[in-house]
Amino acid sequence: MGLEEDDFVFHGTPIEREDEIASRKKKAVAGASGTLKTLPAWKQEVTDEEGRRRFHGAFTGGYSAGYYNTVGSKEGWAPQSFTSSRKNRAGARQQSISDFLDEDEKAEFEGQSLSASSQFDTFGFTAAEHSRKQAEKEQHERPSAIPGPVHDELIAPAPESIGVKLLLKMGWRRGHSIKDVRASSDARREARKAFLAFSADENTKESSDSQVLETEAETSLGPQFSEDIKFSETTPVYVLNPKQDLHGLGYDPFKHAPEFRENKRSRLSASKEAGYRKPLSMKESLFGPKSGKLAPGFGIGALEELDVEDEDVYAGYDFDQTYVIEDEQPPRPSHDNTLRLTSKEHNVLPGFGAASNSDYSVERFDPPKIPKDFVARHKFPGPREAETKPTASAPPDVPPPEDKSLKLLIDGFATFVSRCGKLYEDLSREKNESNQLFDFLRGGSGHDYYARRLWEEQQKRGDQSNIKLDVKVPPSVQKMTAETRGSLLGERPLQKSVKETETSASSGGSFQFPTNLSDTFTKSASSQEAADAVKPFKDDPAKQERFEQFLKEKYKGGLRTTDSNRFNSMSESARAQERLDFEAAAEAIEKGKAYKEVRRATERPIDFLAGGLQFTSGGTEQIKDTVVDMKTNKTYPKREEFQWRPASLLCKRFDLPDPFMGKPAAAPRARNKMDSLLFLPDTVKAASGSGALQGSDLQELKKEPEVEVEVENVERPVDLYKAIFSDDSEDDEEEQPMNGKTQDGQEKKNEAAATTLNRLIAGDFLESLGKELGFEVPSDAPYPEGTKPMEAENKPKAKSDASTERRLGLKEKSEEKTSSHKLVSEEEKNIQKREKSPRNRSGGNDLSSSESSGDERRRKRSKKDRHRKYDTESDSSSGHHNWDKHDSRSRRKRRESSREKRSSSHKKHSKHHKTKDSSSSRYSGDEERRESRREKRRRRD
Amino acid sequence: MSATATELPTKEANLLKGHEGAVLAARFNGDGNYALTCGKDRTIRLWNPHRGILIKTYKSHGREVRDVHVTSDNAKFCSCGGDRQVYYWDVSTGRVIRKLRGHDGEVNAVKFNDSSAVVVSAGFDRSLRVWDCRSHSVEPVQIIDTFLDTVMSVVLTKTEIIGGSVDGTVRTFDIRMGREMSDNLGQPVNCISISNDGNCVLAGCLDSTLRLLDRTTGELLQVYKGHISKSFKTDCCLTNSDAHVIGGSEDGMVYFWDLVDAKVVSKFRAHDLVVTSVSYHPKEDCMLTSSVDGTVRVWKK
């Protein structure tokens with residue numbers, strides 16, 4: 001009660017109530033004397049041993065009211081788990097008993113915690129704990145330089161733990177893992193193997209003189225590398241890799257670019273050992289997902305796919321490595337501590353003098369001596385040599401099999417195999433297991449013949465290679481050119497001169513990869529055939545080869561190539577003589593070539609297809625190219641001239657007059673079928689684009705050129721172009737009447753009277769059309785030129801009298817038109833009248849362009865067509881489209897409504913416009929057309 | 001012969017280093033005071049080659065940049081490359097004014113015409129495309145697609161567009177006459193260059209041969225051999241006096257031939273690796289060579 005009053009601020013001196021003072025006194029007395037028990041329960045108070053009151057009423061502070069009206073602490077209640085930061089969300093706080101203990105209670109509690117005595121502290125945990133606590137305590141007493149809690153790592157357990165002792169006794173040594181030793185060594189060996197294999201790979205790329213240095217660096221790098229693996233499991237990193245840079249503790253410059261770490265490490269070690277920097281290509285890129293030859297340093301975007309074009313054409317060349325610039329690169333800690341001690345350098349540490357004789361000496365071994373003749377590249381026992389041996393026993397000569405194609409296949413196959421090695425044979429045997437064409441590989445029919453052919457080919461090749469050996473083949477250790485690389489990858493070389501690549505590849509082909517196959521196929525296929533065809537010196541292979549060389553040079557023209565030094569062994573006169581021979585032979589061959597070329601061109605595809613082999617398309621093309629090449633080699637350069645039409649804007653930009661000003665476009669040069677397809681006129685596209693054509697309509701489309709075509713390439717005024725293009729819908733619509741015509745044939749007969757009347761009307765209509773277009777139209781040539789469809793260019797059918805034909809057709813149409821309208825003839829007439837009136841108006845208008853008038857005409861006609869459609873449809877249900885039905889239905893409705901309001905022709909017109917618009921939108925959206933229509937309407941209004 | 005050799009720019013005057021990766025083209029500007037280079041590192045760099053200073057780097061290309069050309073007034077330049085686009089740049093601000101899309105493949109070469117009104121680009125898609133610089137249209141003014149294979153190189157005269165293609169032809173499109181002249185050389189054409197008198201066109205073919213053609217008749221005037229050009233795009237050009245023919249070689253050499261008798265007048269090692277581009281100063285005897293080794297070298301007498 002009394003405590004409650006303390007909350008208020010009082011002025012003046014409070015008058016102490018006697019009873020309160022009395023009760024407190026009484027309490028104290030009672031507490032002392034133990035008379036408290038005598039008090040009634042509601043008057044008793046609980047105090048701790050220090051006499052503090054423990055329990056309070058809710059209004060006097062609750063449980064711990066030592067802090068008045070606050071929640072048990074001086075600070076009051078604060079939402080302790082709340083953190084304002086978004087990132088550091090408050091976790092669930094683990095409450096422990098200490099949260100509910102007073103200080104004194106905690107102190108009491110602490111004394112009872114359990115811990116192993118140092119005697120039984122197996123792994124030294126307790127000791128570590130203890131020492132940490134000790135350190136913490138010390139830190140509290142005197143503030144240290146490093147704020148915050150002491151790092152665990154800095155405090156090592158004081159005594160040797162019993163576990164460590166035991167382990168040591170069992171043979172464990174510090175710094176090693178407790179893991180199974182064998183497993184780790186296995187891993188180590190694997191890693192080392194991979195590393196070595198990789199470095200060997202690297203080696204092959206380097207030129208041979210740098211190899212020694214490379215391997216040297218290798219050996220120095222190797223141990224360190226393996227050591228890393230060994231120790232990294234237990235020993236802390238800082239022991240293994242002492243900090244040598246000036247980065248902050250724990251800062252890793254390569255954190256986000258780990259690929260550079262290896263780079264730097266090896267650079268360091270390389271400089272440590274050899275003292276010169278070796279440009280290091282990015283090894284990681286080789287291990288990349290595609291192991292593509294990407295240009296170093298340039299990746300592609302995340303959204304892009306790795307493509308052919310991302311391949312680095314220039315790969316294989318190492319250019320100046322661009323290192324990642326690390327600032328604060330320490331001033332080259334190039335030597336180890338050990339080295340520093342042993343080396344008798346002057347610059348020893350300040351305050352130290354170099355020892356005159358150091359008892360500390362590392363046993364060092366010289367790198368193993370590499371034999372002089374050692375080539376750091378594995379030589380495969382070439383498949384070719386392997387199979388040239390068994391050639392000693394020639395298989396018996398067997399007549400070729402009956403089947404011509406099989407013979408061809410075997411011939412070709414034997415050639416390939418002799419070129420590419422046994423490996424290919426095995427491969428294709430595997431591949432064509434089920435293909436009975438290849439039975440001869442498995443001892444089926446034709447096997448003997450195949451064996452014989454193979455032997456022959458090998459013999460042939462053996463001769464050739466022997467010659468090459470005689471003529472001192474330049475050492476095959478040459479850098480991979482883009483060409484050879486391309487051939488390895490199966491690319492088709494850019495070059496057309498196959499023969500040259502052939503020689504270069506075969507001379508440098510001391511090792512052959514299986515991937516080389518496709519390339520060698522094409523080569524052998526072309527060259528072998530050629531060689532067979534042109535072999536006047538078969539008896540003397542060396543001479544034959546020279547002859548081939550000669551031929552090549554002859555047709556290429558120009559300087560001799562570098563391998564002319566091959567013939568140095570011959571005397572001058574002998575060479576001259578031979579040259580004469582060659583000349584004569586070449587001419588003889590030239591004569592026979594034309595025939596052979598034809599033959600080859602025809603038989604080659606069969607040859608390939610029958611073989612069922614997978615040839616790259618490039619290969620066959622190449623062959624064709626060479627054929628063409630040989631034929632026309634002499635005629636190069638060849639000039640051809642074509643017409644070419646520059647765009648008018650281009651002429652403008654070049655400040656030149658347009659040579660084709662006002663002229664129509666020339667027909668596009670049709671180079672092949674594909675192109676002519678591409679150049680299909682717009683009308684066809686539009687028509688097919690409308691998507692609603694049915695078979696009958698398509699037929700009409702085909703028929704149309706016959707009816708309306710005149711001659712190709714008539715010079716049309718440019719302004720008519722638009723008219724032509726905007727006419728496409730009309731063409732389509734005209735088909736409908738034709739369609740209807742056939743169906744309504746008999747009706748027409750019945751309505752002879754109506755026909756005559758309508759014929760008159762139609763004639764009138766056509767005449768006025770001509771007037772309207774401003775053409776000088778004789779009465780029998782009604783169509784303006786602008787209506788010629790584009791198909792005219794495609795395939796004009798020579799018609800005896802196209803114009804009259806057309807006229808007739810049109811008249812018929814109009815007849816048909818009107819005749820079909822017998823039922824609603826009155827209405828029809830009305831419409832026609834209505835049509836006439838604007839026509840006449842515009843006909844008198846001199847300004848009306850052909851385009852707009854054509855447009856108008858079209859509209860009129862389409863209107864009519866629609867009526868007709870509607871009628872024909874009602875008669876015959878067959879051969880019509882859904883949309884037509886729908887349209888006609890809606891149109892009928894419209895007409896019904898319009899019948900009521902016929903008085904206002906304007907309204908009617910606008911209606912028709914609408915319908916026209918809606919229907920025309922199905923066709924290729926021709927903005928121009930619509931625009932002109934709008935314009936027209938405006939004018940009319 | 002030695003007298004002629006001394007006229008040639010065979011002494012290295014400057015080494016322009018900065019490209020990270022192969023340099024694919026080096027081109028002088030109209031008056032020869034500056035040079036633009038471009039390369040695999042997707043950048044275009046503007047240099048003062050005579051002082052060896054890098055002035056500016058232009059970055060925007062998404063893939064390697066294969067060719068670059070400056071307008072005669074030095075205000076704009078265009079570039080093209082593996083990203084299938086032609087970029088039209090402002091030199092001073094370094095901004096791309098327009099990206100001209102339309103090629104279906106890599107673009108190998110670009111050129112402005114004399115008045116810098118159009119850019120003509122030659123692409124892997126077997127076409128030459130003419131782009132308008134004056135209007136805001138990004139559609140090509142014209143597409144010339146009569147080539148049968150990749151168009152490697154394009155040259156413009158006042159009235160003609162000349163393109164060299166892998167199909168072995170050099171096609172001349174005469175705008176004034178409305179004619180296309182196709183000279184079939186039978187070998188893939190790598191690079192074409194026009195003589196300063198405008199009468200001849202020099203075509204670098206992939207059979208390691210340069211061929212000189214008479215433009216009016218299409219006659220083969222001379223053949224230059226000795227260098228290696230088989231698989232890379234290497235450039236060729238003529239000296240200002242048209243006395244010599246210059247060609248880069250895939251082994252890093254640069255060759256000088258006498259125009260008339262086709263003798264190798266001089267050859268020297270310009271780079272360690274493939275010489276991708278040679279460009280001759282429009283007035284002086286000075287030459288730029290660029291290489292796959294990432295350097296550009298300036299050569300003077």
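We name chains A, B, ... by the order of the sequence lines, and we start the count at 1 in each one. Since this is a predicted model, take the numbers as computed values, not measurements.
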Look at atom [atom1] of [X] and say whether more than 12 heavy atoms of other residues, nucleotides or ligands are closer to it than 6.0 Å.
X: B:M177; atom1: CE; answer: no
X: B:Y88; atom1: OH; answer: yes
X: B:R98; atom1: CZ; answer: yes

Quick one: which of B:I161, B:D114, B:T159, B:T157 gives a side chain to side chain contact (heavy atoms under 4.5 Å, CB included) with A:F654?
B:I161
Please list, chain by chain and in numerical order, all residues satisfying salt bridge (Lys or Arg N to Asp or Glu O under 4.0 Å) with B:R179, sequence neighbours excluded.
A:E641
Check whether [X] gets within reach of chain A through its side chain, its backbone, both or neither, counting any heavy atom under 4.5 Å.
X: B:V141; answer: both
X: B:T150; answer: neither
X: B:D214; answer: backbone

For B:R297, side chain to side chain donor-acceptor pair (under 3.5 Å) partners two or more places apart:
B:E12, B:H271
Pairwise distance [atom1]([X]) to [atom2]([Y]) - rounded to 0.5 angstrom:
X: B:D132; Y: A:R653; atom1: CG; atom2: CZ; answer: 3.5 Å
X: A:R645; Y: B:E180; atom1: CZ; atom2: CD; answer: 15.5 Å
X: A:L656; Y: B:E160; atom1: CG; atom2: CD; answer: 9.5 Å
X: A:K638; Y: B:T169; atom1: NZ; atom2: OG1; answer: 10.5 Å
X: B:I144; Y: A:W644; atom1: CD1; atom2: CH2; answer: 4.0 Å

Restricting to non-hydrogen atoms, name the atom on [X] and the atom on [Y] that form the minimum distance, rounded to 0.1 Å.
X: A:P646; Y: B:G178; result: CD-CA, 4.0 Å
X: A:R639; Y: B:T216; result: NH1-O, 2.9 Å
X: A:A647; Y: B:Q142; result: N-OE1, 2.7 Å

So do A:F642 and B:S182 actually touch side chain to side chain, heavy atoms under 4.5 Å?
yes
